[in-house]
**Q** 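Input: one structure, supplied below.
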Amino acid sequence: AVLEGIAHESDGTIKLRRMMVAGRIIKPANEFKAREAAKRLVSNLGFVEALSEVSCSNAEHSEADKSKRLAAELLSIIQE
């Protein structure tokens, strides 16, 4: 649910915080099984497209740029 509507979130701070939560879920510290399950879940729920949209969006301010870079990083983790 943390990624639901992420591509359309207008508040940069909220978008960044939600992306950070998603990152911690997808890439927990030293938890291979949890990471793999999270990657499958994000893909199965169709959030790869939302992350892709955020990663390709225009960065109007520093938080938008951070969200854009984080979305790109999350996509690379999911595609590993």
Side-chain angles (χ1 to χ4, degrees):
V2 72
L3 292 175
E4 190 169 342
I6 194 72
H8 306 292
E9 177 59 61
S10 60
D11 186 307
T13 300
I14 291 173
K15 182 183 283 187
L16 179 59
R17 288 178 180 168
R18 288 174 60 191
M19 297 288 292
M20 291 172 68
V21 169
R24 185 48 58 198
I25 292 168
I26 293 169
K27 191 174 181 180
N30 301 322
E31 296 291 335
F32 178 78
K33 286 184 179 182
R35 179 179 36 221
E36 293 304 308
K39 288 167 46 174
R40 282 192 308 276
L41 180 62
V42 168
S43 293
N44 292 342
L45 293 175
F47 291 125
V48 172
E49 292 81 14
L51 289 171
S52 182
E53 190 174 329
V54 172
S55 73
C56 295
S57 64
N58 293 328
E60 300 169 1
H61 47 77
S62 66
E63 288 174 344
D65 184 56
K66 289 176 186 176
S67 293
K68 182 177 178 174
R69 288 183 292 156
L70 183 54
E73 184 177 343
L74 291 173
L75 284 171
S76 72
I77 292 167
I78 291 167
Q79 296 167 349
E80 289 179 340

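None of the values given here were measured: they were computed from a predicted structure. If you read the sequence from its start, that first residue is 1, and numbering goes on from there.
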**Q** Work out which heavy atom in S55 is nearest to a heavy atom in L75; give both atom names and the distance.
**A**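 Heavy atoms of S55 and L75 come nearest at OG-CD1, 3.6 Å.
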
**Q** Listed by chain and number, what are the salt bridge (charged side-chain N to carboxylate O under 4.0 Å, His left out) partners of E73, not counting sequence neighbours?
**A** none

**Q** Identify the heavy atoms of A50 and A7 that sit nearest to each other, and give their distance.
**A** O-CB, 4.0 Å

**Q** Kindly compute the distance separating CE (M19) from CZ (R69), expressed to the nearest 0.5 Å.
**A**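 Answer for the CE-CZ pair, M19 versus R69, is 11.5 Å.
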
**Q** Counting distance only, does the side-chain N/O of K68 pair as donor-acceptor with the main-chain N or O of S57 below 3.5 Å?
**A**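 Present.
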
**Q** Hey, what do you get for CD1 (I77) to CG (L70), rounding to the nearest 0.5 Å?
**A** 8.0 Å

**Q** Please check if I78 and M20 belong to a single hydrophobic cluster, counting links between Ile, Leu, Val, Met, Phe, Trp and Tyr side chain heavy atoms closer than 4.5 Å.
**A** yes

**Q** Verify the neighbour count for atom CD of E36: are there more than 12 heavy atoms of other residues, nucleotides or ligands below 6.0 Å?
**A**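 For E36, atom CD is crowded (more than 12 foreign heavy atoms under 6.0 Å).
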
**Q** To the nearest 0.5 Å, tell me how far R18 CZ sits from D11 CG.
**A** 10.5 Å

**Q** Taking N44 for its side chain and R40 for its backbone only, find out whether a donor-acceptor pair lies under 3.5 Å.
**A**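 Between the backbone of R40 and the side chain of N44 there is a qualifying donor-acceptor contact (under 3.5 Å).
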
**Q** List in chain and number order the residues that pass side-chain contact (heavy atoms from CB on, under 4.5 Å) with L41, two or more places apart in sequence or in another chain; answer none if no residue qualifies.
**A** L45

**Q** The criterion is side chain to side chain donor-acceptor pair (under 3.5 Å); which residues satisfy it with R17, sequence neighbours excluded?
**A**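 With sequence neighbours excluded, R17 shows a side chain to side chain donor-acceptor pair (under 3.5 Å) to no residue whatsoever.
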
**Q** With L3, which of V48, V21, L51 fulfils side chain to side chain contact (heavy atoms under 4.5 Å, CB included)?
**A** L51

**Q** Please report the C-alpha distance between K39 and Q79 in whole Å, then the side-chain angles of each, then the deciding distance to 0.1 Å, and finally whether the side chain to side chain contact (heavy atoms under 4.5 Å, CB included) criterion is met.
**A** CA-CA 8 Å; K39 288 167 46 174; Q79 296 167 349; over 6 Å; no

**Q** Which distance, rounded to the nearest 0.5 Å, do you find between the CG of L16 and the OG of S62?
**A**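 So the gap between those two atoms works out to 9.0 Å.
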
**Q** Run the salt bridge (Lys or Arg N to Asp or Glu O under 4.0 Å) check on K15 and E63 step by step: do they pass?
**A** CA-CA 8 Å; K15 182 183 283 187; E63 288 174 344; over 6 Å; no

